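In what follows, a single structure is set out as structure tokens and then discussed.
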Amino acid sequence: MEEQILINNEISQLNKIDAAKFQQDLIGWFEAEQRDLPWRKDQDPYKVWVSEIMLQQTRVDTVIPYFHNFIEQFPTIEALSNADEEKVLKAWEGLGYYSRARNLQSAVREVHEKYDGKVPNDPKEISSLKGVGPYTAGAILSIAYGIPEPAVDGNVMRVLSRILSIWEDIAKASSRKVFEEAVRKLISHSNPSFFNQALMELGALICTPTSPSCLLCPVREHCHAFHEGTEKDLPIKTKTKKHRHVQIVAAVLRNNEGKFLIHKRPSKGLLANLWEFPNVEVLLPHINEKEQLKDAVKELFKTDIEIDEMIGQIEHVFSHLTWNINAYKGQVHFMEKEAEDLRLVTAEEMKEFSFSVSHQKILQQFIESEEE
DNA sequence: TAGTCGTGGGC
DNA sequence: TGCCCAAGACT
């Protein structure tokens with residue numbers, strides 16, 4: 001209750017701001033200083049959509065080449081609807097958070113069938129699409145359709161926490177609505193697209209997490225934190241706890257024709273539907289890990305294999321866990337049959353399959369071991 | 001609500 | 001080096 005009163009007081013700071021002047025300063029800066037990005041060439045709702053999904057938790061510089069390639073391969077709703085999921089995942093390979101790609105294609109297919117290929121401009125309809133949350137819905141609606149909806153991401157929370165002196169913990173999911181209400185009171189109705197993009201651009205270029213460039217800021221005269229000298233104390237963001245470690249033993253296995261044995265991961269969970277080299281979690285570290293892998297592969301894949309020397313040790317860090325992989329090379333002596341999720345492929349054929357970065361590292365270690 | 005879900009860059 | 005981060009969504 002006391003907290004709610006505090007929030008109301010913070011948002012009441014908006015009353016002290018000349019909203020029109022703020023919009024003018026912010027949008028004027030954006031018009032002059034915005035980066036030249038490939039998804040800003042036009043307002044095609046499909047391309048805006050693709051870019052927003054790719055940009056989730058991902059840096060602009062990382063996204064740019066993926067965006068170019070993806071749009072070249074899948075230029076329209078129709079093209080992505082008709083594509084094989086394998087091709088889509090291959091285009092996403094290395095970008096991370098792979099459920100984004102599968103959800104995007106699923107949602108695009110729904111738009112293709114249910115909305116005659118037109119991305120809905122209704123908040124409820126667009127929010128119902130798989131992978132489209134509150135931020136992405138607002139981003140597409142405002143950028144592609146000029147609809148004054150909030151698009152609150154991490155940038156916007158950081159920027160507005162400083163400008164309005166909001167001391168909510170932005171790590172909490174419940175805080176987002178506080179910032180959405182603030183945006184609703186501040187947003188330009190004549191240019192909601194530039195308003196939302198400008199808040200994010202400001203966060204990316206000026207109002208950065210550590211040591212913001214306040215002296216270059218186009219809206220510093222509107223900024224409560226700048227006037228109070230609290231810009232480095234905001235936003236409040238609680239720490240994330242450290243994650244766990246998992247020991248993995250893996251092997252690059254080839255048959256007498258030199259073909260590689262690869263396996264498709266399950267359709268749910270970590271790295272869903274991506275391909276990998278046979279591997280197993282080491283649950284009993286005191287027992288020979290090569291024997292554990294051999295037994296597991298024999299049981300799971302109905303194969304008889306031999307594991308030879310180690311080719312490398314790889315540490316791969318995810319958001320919430322770390323894999324410590326011991327990688328070996330070996331041979332497939334006998335395999336009952338291939339399956340949808342179990343293939344023997346040539347080195348050339350393997351390029352068509354999507355692998356996580358950790359397994360690309362394993363392959364790289366194998367190649368280097370063969371060169372010696 | 002808190003955990004899951006990737007990767008590479010920056011300090 | 002280890003940590004935090006970067007235009008979040010889902011369960």
Side-chain angles (χ1 to χ4, degrees), chain A residues 30 34-35 37-40 48-67 89 92-104 106-107 126-140 142-143 150-160 169-177 179-180 183 193 195-205 207-211 235 237-246 265-274 276 314-323 354-361:
Chain A
F30 181 71
Q34 65 170 295
R35 290 168 292 179
L37 299 173
W39 45 88
R40 289 178 174 165
V48 171
W49 185 3
V50 170
S51 72
E52 292 301 339
I53 299 298
M54 286 189 169
L55 285 163
Q56 289 170 4
Q57 298 291 287
T58 311
R59 288 183 151 75
V60 164
D61 289 340
T62 301
V63 167
I64 289 173
Y66 283 90
F67 179 81
L89 282 175
W92 212 270
E93 183 183 54
L95 195 53
Y97 289 140
Y98 299 96
S99 66
R100 291 184 297 176
R102 295 182 298 115
N103 288 339
L104 173 62
S106 170
I126 197 167
S127 296
S128 75
L129 296 170
K130 208 171 292 184
V132 178
Y135 163 75
T136 304
I140 298 172
S142 61
I143 297 171
V152 174
D153 69 339
N155 283 311
V156 172
M157 288 196 283
R158 182 174 61 257
V159 169
L160 290 185
D169 179 3
I170 67 169
K172 290 177 176 271
S174 59
S175 297
R176 198 195 65 251
K177 67 179 189 301
F179 293 90
E180 286 178 344
V183 171
S193 168
F195 182 89
N196 280 342
Q197 290 188 74
L199 277 182
M200 293 187 276
E201 194 83 341
L202 191 67
L205 301 181
C207 196
T208 50
T210 58
S211 60
K237 189 174 185 180
T238 52
K239 295 183 183 9
T240 58
K241 66 171 192 176
K242 65 180 180 191
H243 59 233
R244 70 181 195 277
H245 287 245
V246 174
R265 294 176 61 85
S267 59
K268 293 190 175 184
L270 184 64
L271 305 169
N273 285 4
L274 268 66
E276 65 184 5
I314 295 160
E315 179 182 88
H316 190 78
V317 181
F318 297 93
S319 311
H320 57 300
L321 62 89
T322 296
W323 276 354
S354 189
F355 286 77
S356 72
V357 169
S358 57
H359 283 256
Q360 294 178 46
K361 290 177 185 171

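Quick note on labels: first sequence line is chain A, next is B, and so on, each numbered from 1. Note that the structure is a prediction, hence the values are computed from the model and not measured.
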Discussion item. Would you say A/Thr322 and A/His316 are linked by a side-chain donor-acceptor pair, where the criterion is simply a distance under 3.5 Å?
Written reply: no
Worksheet item: Starting at the 5' end of DNA chain C and moving along, which residue's nearest nucleotide shows up first, A/Arg158 or A/Ile53?
Response: A/Arg158
Item to complete: Would you indicate, yes or no, if B/dT4 has its OP1 or OP2 atom less than 4.0 angstrom from a side-chain nitrogen or oxygen of A/Arg244?
Response: yes
Practice prompt. Report which part of the nucleic acid A/Thr58 touches: base, sugar-phosphate, or nothing (heavy-atom distance under 4.0 Å, all strands).
Written response: base
Practice prompt. Between A/Gly131 and A/Trp39, name the one whose nearest nucleotide on DNA chain C is closer to the 5' end.
Written response: A/Trp39
Discussion item. Centroid separation under 6.0 Å, is that true for the rings of A/Phe67 and A/Trp39?
Written reply: yes
Discussion item. If the cut-off is 4.0 Å, is A/His320 near the phosphate of B/dC5, judged by side-chain N/O to OP1 or OP2?
Written reply: yes
Worksheet item: Strictly by modelled atom types, are A/Glu93 and A/Tyr98 linked by a side-chain donor-acceptor pair under 3.5 Å?
Response: no
Item to complete: Give a yes/no on whether any side-chain N or O of A/His316 is located under 4.0 angstrom from OP1 or OP2 of B/dG6.
Response: no
Practice prompt. Please work out if A/Arg265 contacts a base, only the sugar-phosphate, or nothing of the nucleic acid, heavy-atom cut-off 4.0 Å.
Written response: nothing
Practice prompt. Determine, for A/Arg40 against A/Glu201, whether the closest basic-nitrogen to carboxylate-oxygen distance falls under 4.0 angstrom.
Written response: yes
Item to complete: Check whether any side-chain N or O of A/Thr136 sits under 4.0 Å from OP1 or OP2 of C/dA9, and answer yes or no.
Response: yes
Practice prompt. Please measure how far the C1' atom in C/dA6 lies from the corresponding atom in B/dC5, and state the result in whole Å.
Written response: 15 Å
Worksheet entry | Integer angstrom distance from the P of B/dG6 to that of C/dT11 | 14 Å
Worksheet item: On DNA chain B, nearest-nucleotide positions of A/Gly269 versus A/Thr210: which is more 5'?
Response: A/Gly269
